[in-house]
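So the structure is just underneath, and the comments pick up after that.
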Amino acid sequence: MMFPDLIPALPEIILAVGALALLMIGVFVGERSTPLINGLSIALLVVAGIALVASPSEGVTFSGAFILDPFAHFMKLLALLGSAVAIVMSIGYARAHKFERFEYPVLIVIATLGMMMMISANDLIAVYLGLELQSLALYVIAAINRDSVRSTEAGLKYFVLGALSSGMLLYGASLVYGFTGTTTFPGIATALSDGTPSLGLVFGLVFLIAGLAFKISAVPFHMWTPDVYEGAPTPVTAFFAAAPKVAAMALFIRVVVSPFAPITADWQQILSFIAIASMVLGAFAAIGQRNIKRLMAYSSIGHMGYALVGLAAGTEAGVQGVIIYITIYLAMTIGAFAVILSMRRREGMVYEIGDLAGLSKTHPIMAFMLAAIMFSLAGIPPLAGFFAKFYVFLAAIEAGLYVLAVIGVVASVVGAYYYLRIIKIMYFDDPATGFEPMPTELRVILGVSTAFIVFFVIVAGPVGSAAGLAAQTFFPTG
């Protein structure tokens, strides 16, 4: 047996070995090692990122089950960035709420390893391995604050529904294997090359998509999102909203566009339905929310629907639009949660939207940056959020999905209401008690994400061309 070429998987190997080493340090040194392990975890993610950038742009290993291509490069860098920022954002909060545990950053590193395996999966078995490695770490992270009933409930709810979605995914994978005789993506594409799938295979595809839709919290598999977002500690919610969404969407793109390209018409209908349902529910269900974490949960559901509009197009422009959308979504989400983590008064954290009243008078810079993020989430030009929606809607129109694009625009208008309401509360309501000073690390994160959103026009060219290069992976003749 030939020894596999491990160079394409070098960043994953670094994370796996590093996570085990950090666990050993934590076990032997004890709880006082937490600040050291936080720093080492961030360093480990940075080293993995450097290894990824330095690695060749293409490569296949483990008998074709693991693939490295421009698409994997781009999405892995986003996932690493999201995870590193999540650890930085959690340090001050964990210290203040007395749940500093060395396991937390190690679990984020392990979840990131799972994400990177998902992004590079080129085989249904590899998909499941990556997905479960990520999910098992996330279940524990959701319930990391053992003293909180809400946190424990969030972890349990996520675990039960996650197990259900994994079962659906596995059932779908077994049907696909049964009707094509292979689990590899190129093998499935070859088996479907005549373009007429059997009914059993279509059922398998539906179950696969259902399992993946749960991971990006798309309707009708979104039911865990508001409760987990509200119940989990806020830095955990920030992490859930960022990096795992990037990885899950990357996996979604790879699974539907790579092996099932010959039967695009079949999955296009399913994705169109999921996209419409997610956009509409995300727009209307968030209107009545009073808790800002629940509002961000419904906002996330809506944004995943917008991203799926581009994927439903099934074209190179559509995939490019989704990649740009996810990049911008990551920046907007991290910025929004930097503000939510700063909503602290002397008596503790507050999460009601009404607590932002008069923020423009008590913390004018913070209010301005949050207003920019909210305008961007609503899709107001010339901010980044407008370009995100523009690319996916344009791809849908080019693919002839006019109804989908129109519903997307209408849902966007409805969704703008609750983003603008937050701005109205900050600028026009009487000031509430001011918040505690913002920690330095959150200030930096908020500043960088706001700068990216406001000045996106300047970096739109490089981001667009990098996303285009990543999208070409699946459309080599394009």
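Heads up: numbering here begins at 1 and tracks the sequence.
Glu230 and Arg150 are joined by a salt bridge, as a carboxylate oxygen and a charged side-chain nitrogen come within less than 4.0 angstrom of each other.
Under the 30°/60° scheme for interplanar angles, the aromatic rings of Phe474 and Phe71 are found to stand perpendicular. Taking the six-membered ring for Trp and thresholds of 30 and 60 degrees, Tyr139 and Phe159 have ring planes more than 60 degrees apart, a perpendicular arrangement. Aromatic ring orientation, Phe386 versus Phe390: parallel (interplanar angle below 30°, classes split at 30° and 60°).
For the pair Ser299 (side chain) and Gly282 (backbone), a donor-acceptor distance under 3.5 Å is absent. The backbone N or O of Gly64 sits less than 3.5 Å from a side-chain atom of Asn122, completing a donor-acceptor pair. Trp224 places no side-chain N or O within donor-acceptor distance of the main-chain N or O of Leu161, the cut-off being under 3.5 Å. Using a distance-only test at 3.5 Å, with no hydrogens or angles considered, a donor-acceptor pair links the side chain of His363 to the main chain of Phe435. Of the possible polar contacts, one joining the Lys293 side chain to the Ala232 backbone as a donor-acceptor pair under 3.5 Å is found. A donor-acceptor pair under 3.5 Å is formed between the side chain of Ser360 and the backbone N or O of Met426. Remark: side-chain polar atoms of Ser33 are not paired, donor with acceptor, to backbone N or O of Leu36 under 3.5 angstrom. Side-chain N or O atoms of Tyr329 include none that pairs as donor or acceptor with a backbone N or O of Ser300 at under 3.5 Å. No side-chain donor-acceptor contact under 3.5 Å links Ser148 to the backbone of Asn145. In this structure, Ser342 contributes its side chain and Ala338 its backbone to a donor-acceptor pair below 3.5 Å.
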### Task
Test Tyr229 against Phe240 for ring-ring contact (aromatic ring centres under 6.0 Å, His included), laying out the working first.
CA-CA 8 Å; Tyr229 270 45; Phe240 279 15; 7.3 Å; no
### Query
Can you list the steps and then say if Lys76 with Ser120 is a side-chain hydrogen bond (donor to acceptor under 3.5 Å, both in side chains)?
CA-CA 9 Å; Lys76 282 182 183 180; Ser120 278; 2.7 Å; yes
### From CA spacing to verdict: salt bridge (Lys or Arg N to Asp or Glu O under 4.0 Å), Asp355, Arg344
CA-CA 10 Å; Asp355 290 309; Arg344 177 199 301 282; over 6 Å; no
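Remark: the Lys215 side chain and the Ser135 side chain contain an N/O donor-acceptor pair separated by less than 3.5 Å. Residues Thr234 and Tyr351 bring a donor and an acceptor atom of their side chains to less than 3.5 Å of each other. With no hydrogens or angles considered, a side-chain donor-acceptor pair links His303 and Tyr325 at under 3.5 Å. Judged by distance alone, the side chains of Glu398 and Thr315 never bring a donor and an acceptor atom under 3.5 Å apart.
Of all the heavy atoms in Ala471 and Glu316, the pair that sits closest is CB-O, 3.7 Å. Across every non-hydrogen atom of Gly82 and Leu330, the tightest pair is CA-CD1, 4.3 Å. The two atoms that bring Arg254 and Ala121 nearest to each other are CD-O, 2.9 Å, heavy atoms only. Of all the heavy atoms in Ser465 and Pro462, the pair that sits closest is OG-O, 3.0 Å. Contact detail for Ile87 and Ser41: the closest heavy-atom pair is CD1-CB, 3.8 Å. Nearest approach of Val246 to Ala79, heavy atoms of both residues: CG1-N, 4.2 Å.
Note: Asp69 CG to Phe74 CZ = 13.0 Å, rounded to the nearest 0.5 Å.
Gln134 has its side chain out of reach of Ile110: every pair of non-hydrogen atoms, C-beta onward, lies at least 4.5 Å apart. A 4.5 Å side-chain heavy-atom check between Ile373 and Leu377 finds at least one atom pair inside the cut-off. Contact check for Met223 versus Ser217: no side-chain heavy atoms found under the 4.5 Å cut-off. Counting heavy atoms from C-beta on, the side chains of Leu22 and Phe102 never come closer than 4.5 Å.
Taking the ring axis of Tyr306 as reference, the NZ or CZ atom of Lys389 stays within 45° of it and closer than 6.0 Å to the ring centre.
The environment of CZ in Arg146 is sparse: at most 12 heavy-atom neighbours from other residues, nucleotides or ligands sit within 6.0 Å. Crowding of Leu20 atom CG: a count of heavy atoms from other residues, nucleotides or ligands under 6.0 Å exceeding 12.
Applying the side-chain contact (heavy atoms from CB on, under 4.5 Å) test between Leu446 and each of Val339, Ile365, Leu341 identifies Val339 as the sole match.
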